[in-house]
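Inspection log for the structure reproduced underneath, given as structure tokens.
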Amino acid sequence: QVCQQLQASLNAWLRFEPFQNIERQLRTLLSRDDEVRIIVETDIALLHSLPWHLWDFFDDYPKAELALSNNEYASPQVLRKFPTGKVNILAVLGNRVGIDIDKDSDLLKNLTDAQTTFLIEPTRTELDEQLWNYDWDILFFAGHSASFADGEIGEIYINDTESLTISQLKNALKKAISRGLNIAIFNSCDGIGLARNLAELNIPQMIVMRTKVPDFVAQEFLKNFLITFANAKNLYLSVREARERLQGLETKFPCASWLPVIYQNPTTDSTTWEELKGNVSQTLSEDKLVRNQTSFSKYKLLAFILSSFIGLLSSISLRYLGVFETIELQTFDQILRLKPQEPQDRRVVIVEVTEEDIQYLQEYPLTDGTVAKLLSKLQKYKPRVIGLDIYRDFAITSEKSNQIQLPTQLSEENIVVVCKGKDREKDSEGVKPPPSVAVERQGFTDAIKDPDGIVRRQILMMQQEPNSPCETPYSLSFQLASRYLSDEFIELEVDDDANGIKFGSKELKRLKPTLSGPYQSNVDLGGMQLLVNYRNTDFLTVSLRDVFNDRVSAEQLQDKVLLVGVTANTISDHWSTPYSTIKKNFQEIPGVIIQAQKASQIISAFIDNRPVIWFLNSWGDIIWIYASSVLGTTIIWFVRSPSHKAFAIATTIICLYGAYAIALLNQGLWIPFIPSAFALVVSAGVVLIVPMSTSKRLKSGNGEQGMGNGEWGVGSRE
């Protein structure tokens, strides 16, 4: 009787003459078949509590529904979003004492085309983080809530110890609204205060319960609303149908159909489920929606391609200018140092002149007689080839008699001597070979340092400058390796285009004279150059005293490549290698050891199939860098959380590094890691500038739409 009296009084009040002018205009302009939103704007909380839907006007307009609004509002500033194909729902299941909110959870899980993330009795921090960091279409709350101060303040109970007002979530909610939060549903008691407070943040629309709501009524409304809303009706018609269906419960729950009410920001339109799936912010006809989504797709594709190309072009440009050269080379060094220790190459033996040997002989430079004696001793062990890595451009004699003559020893066919080419920039003189040694048994020792002072390359062949005292076009290491391989019946063949050298059916590709791998600027790649794939192990060494005192065995030296050189620390022939940085006091390596590394590399490549460092061509590098750029764009596009984006980018860079290490260590392939990582980060940054998040949720529940039956509780969500 009280309800009927209130309805009669409400309509009598609305028939007051000044308001009748409004109603007459409405009925004149509107058709019964029109979908109509009636929004009551007022800041008086008591008026928000009135059952405006009882107005007789709604009986005559079956597609009209009521909404409430505050007097002051503004259009929400929403970042542009792109279709995801899913409705993203954040479902907060709060304090559940005395009520059954698992039914609400089940209803949400059974929605099709929805991705629902559940926060079960979350802490304030957990809820705040979700609102800040993710894009939501719908915020759903089930649990206990209340309004205070005559409907001026609303409060939700998120767990059994914490409650929050809207003002305590203000910043997080504003952020969520700016990222596209369209609807808030509070399936809980006394929602007027919640709605009034949240409306101040300009959320597009809300659904709340006017006063205390029994558990069963809340569940029935949610079930009927979701069925209708997900089946293509707009929000207003869905709420009206679900609200009117509650009338069937009013025998047990009087005025149940009075409880649900919409709050609307008048600057925004009502939405549909399909529009939420496409994140479309305005009502579109089906044709217009298709055109709009097609436009979005084209824009999205264009932005995707553009960001990827920006990453590619910026990386290639900086690489061409040499910006990445040093760090690329240092990364190469780092990978080489990861190489496990390799077996010793016993085909190459170093006969070293140590500091102790110099003290033992009491002479330096070594006299011709000492060198001749050493070579004579070594020849007795029948080595395959001996490389004398000691300059002998003039005679050094002593007063000792009965010395073995050095020219005699140097005339042996298995002896290779050294010289140094003339360089107009660094060495205008060069070093002559010993006299009377044929050019066919000469090898130059010219070494090349990278800009950071580290020896990473070897020159196999080069054209000497005019009037150079060193005329041979072949390096010492190449001479030694080719003679050794020749005895293995592996014959040398130089590519007609000077692109590499062949021994039998295998080929060593040279560094391109212009651009090769990290060498893109201001590096002379003339001649036939290779990168040195340093062997991570020591070579067998014997000292001059060991040889003189017959403390070496034939097995150690017979049929081997012998490199004779000085390793004494007081001699200046020491060089930095990729391994120098991990040695104590940045220890440099004697030149004879580097010569051994170079000779061993060539021999091992053709006999053991040991990898020689090689590069992709320029187009291969570009494709690899572009693929990395596309990967960066894809990650940012489809990963939602900022922390997850950062983690995904970092993980991808680590994977790129791993791929680089595997390719280099196993196959000798140098891939452009630093430019690729840079392109990936740049393309990802470009995507972040243009909002195009279409990521997927974690913790989602999907399935065939259907509402289960069962026993329903009757607790109040107060």
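Computed from a predicted model, the values in this text were never measured in an experiment.
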Flag side-chain contact, heavy atom, 4.5 Å: [X] against [Y]:
| X | Y | result |
| --- | --- | --- |
| L406 | L375 | yes |
| I454 | P578 | yes |
| V564 | L544 | no |
| L460 | Q458 | yes |
| R456 | L329 | yes |
| N533 | K339 | yes |
| D357 | R545 | yes |
| Q409 | I415 | no |

When Y484 is tested against each of I607, V348, I602 for side chain to side chain contact (heavy atoms under 4.5 Å, CB included), which residue passes?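 It is I607; the other options fail the test.
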Where do [X] and [Y] come nearest, in terms of heavy atoms and distance?
| X | Y | value |
| --- | --- | --- |
| F673 | I653 | CE1-O, 3.6 Å |
| S307 | V686 | CB-CG1, 3.5 Å |
| R535 | S604 | NH2-OG, 2.6 Å |
| S314 | V682 | OG-CG1, 3.6 Å |
| Q529 | I459 | CG-CG1, 4.0 Å |
| S580 | E588 | OG-CA, 4.2 Å |

On the 0 to 90° scale, with breaks at 30° and 60°, tag the F478-Y474 ring pair as parallel, tilted or perpendicular.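 Aromatic pair F478/Y474 classed parallel.
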Classify the angle between the aromatic ring planes of F332 and W670 as parallel (below 30°), tilted (30 to 60°) or perpendicular (above 60°).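 The rings of F332 and W670 lie parallel, inter-plane angle below 30°.
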Whether over 12 other heavy atoms sit under 6.0 Å from E465 CD: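 Enclosed.
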For the side chain of S486 and the backbone of S482, is there at least one donor-acceptor N/O pair under 3.5 Å apart?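 No: the side chain of S486 does not pair with the backbone of S482.
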Do Q479 side-chain atoms and Q442 backbone N/O form a donor-acceptor pair below 3.5 Å?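 Yes, because the side chain of Q479 sits within donor-acceptor range (under 3.5 Å) of the backbone of Q442.
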Looking at R610 and D345, does any basic side-chain N land under 4.0 Å from a carboxylate oxygen?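 The answer is no: the pair does not qualify as a salt bridge.
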Does a donor on one side chain sit under 3.5 Å from an acceptor on the other, for T354 and Y360?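 No pair is found: no donor N or O on one side chain lies under 3.5 Å from an acceptor on the other.
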T370 and E363: side chain donor to acceptor below 3.5 Å: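 A donor-acceptor contact under 3.5 Å links the two side chains.
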Establish, yes or no, whether the cationic atom of R457 lies under 6.0 Å from the six-membered ring centre of Y519 and within 45° of the ring axis.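 Cation-pi check for R457 and Y519: passes.
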Passing option when N414 is tested against Q379, R441, R384 for side chain to side chain donor-acceptor pair (under 3.5 Å):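 The residue from Q379, R441, R384 that satisfies side chain to side chain donor-acceptor pair (under 3.5 Å) with N414 turns out to be Q379.
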